[in-house]
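All of these numbers come straight from a predicted model, not from anything done at the bench.
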Amino acid sequence: MLDGPWAMLIVREPLTGPKRFTELRARLHGLGLGLPGINPKTLSSRLRRFVLLGLVTRRAYPEVPPRVEYELTPAGTRLEVVLAAMGAWAEQDLPRTGAFPIEDR
């Protein structure tokens, strides 16, 4: 469910509440992870997939200009525990050098 680039970062952002598309994109761009900003097409595709999987809800408001918010479902919210555990593991067990060993072939 969380495979591919950006997946976990996208799911993490709405943990604090509903987010608009532009807000998600801006927050993913400003993470300072050495990654370029997320492509709007990629973000849109990922959000659509998470809606289909039941992790995110998409709410469109009949306003001008249109407003769309994305919010985690209860199943999506429960991923917070998984993300926290992965973060704790990374803090404890990943090398601090920033480089990962490459196996000899």
Side-chain angles (χ1 to χ4, degrees):
M1 292 179 109
L2 297 177
D3 65 328
W6 299 102
M8 287 186 278
L9 297 173
I10 293 169
V11 170
R12 186 189 69 182
E13 286 306 315
L15 284 170
T16 57
K19 302 283 186 287
R20 295 177 73 169
F21 184 88
T22 54
E23 185 179 3
L24 283 169
R25 186 164 180 241
R27 291 181 58 84
L28 291 169
H29 181 71
L31 289 174
L33 298 174
L35 299 170
I38 188 169
N39 177 311
K41 182 178 176 182
T42 302
L43 179 56
S44 179
S45 171
R46 290 283 175 182
L47 288 168
R48 250 190 322 275
R49 181 168 186 240
F50 293 150
V51 168
L52 290 173
L53 291 170
L55 298 177
V56 173
T57 59
R58 180 186 186 275
R59 182 174 301 150
Y61 296 89
E63 301 173 351
V64 176
R67 177 170 56 113
V68 177
E69 289 183 342
Y70 295 90
E71 186 172 12
L72 293 177
T73 64
T77 302
R78 287 190 294 273
L79 283 171
E80 182 173 13
V81 176
V82 175
L83 297 175
M86 290 174 67
W89 174 83
E91 285 293 320
Q92 181 176 339
D93 294 319
L94 285 183
R96 295 281 178 230
T97 63
F100 293 93
I102 298 174
E103 293 179 11
D104 292 330
R105 296 183 188 223

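- Across V51 and R58, no two heavy atoms sit closer than the pair CG2-CB, 4.1 Å.
- Among L72, T73, L2, the one residue that satisfies the side-chain contact (heavy atoms from CB on, under 4.5 Å) test with F50 is L2.
- Separation of atoms CG (L43) and CZ (R48) is listed at 10.0 Å; rounding is to 0.5 Å.
- Distance OG1/T22 to CZ/R67: 11.5 Å, rounded to 0.5 Å.
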Query raised in the report: Between I38 and I10, is a side-chain contact (heavy atoms from CB on, under 4.5 Å) present by the stated rule, with each step listed?
Result: CA-CA 10 Å; I38 188 169; I10 293 169; 3.9 Å; yes
Report task. Please test R46 against T42 for side-chain hydrogen bond (donor to acceptor under 3.5 Å, both in side chains), starting from the C-alpha separation and ending with a verdict. Result -> CA-CA 6 Å; R46 290 283 175 182; T42 302; over 6 Å; no
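- Dense packing is recorded around CD of E23, with more than 12 heavy atoms of other residues, nucleotides or ligands lying under 6.0 Å away.
- Atom CD of E63 sits in a crowded spot, with more than 12 heavy atoms from other residues, nucleotides or ligands closer than 6.0 Å.
- Across P18 and E69, no two heavy atoms sit closer than the pair CB-OE1, 3.8 Å.
- Taking 4.0 Å as the cut-off between side-chain N and carboxylate O, E13 and K19 do not count as a salt-bridged pair.
- No hydrogens or angles considered: nothing links the side chains of R49 and S45 as a donor-acceptor pair under 3.5 Å.
- Note: N39 CG to W6 CH2 = 10.0 Å, rounded to the nearest 0.5 Å.
- Scanning all heavy atoms of the two residues, the minimum distance from G54 to A75 falls at O-CB, 4.0 Å.
- Taking each heavy atom of F21 and L47 in turn, the nearest pair found is CD1-CD1, 3.8 Å.
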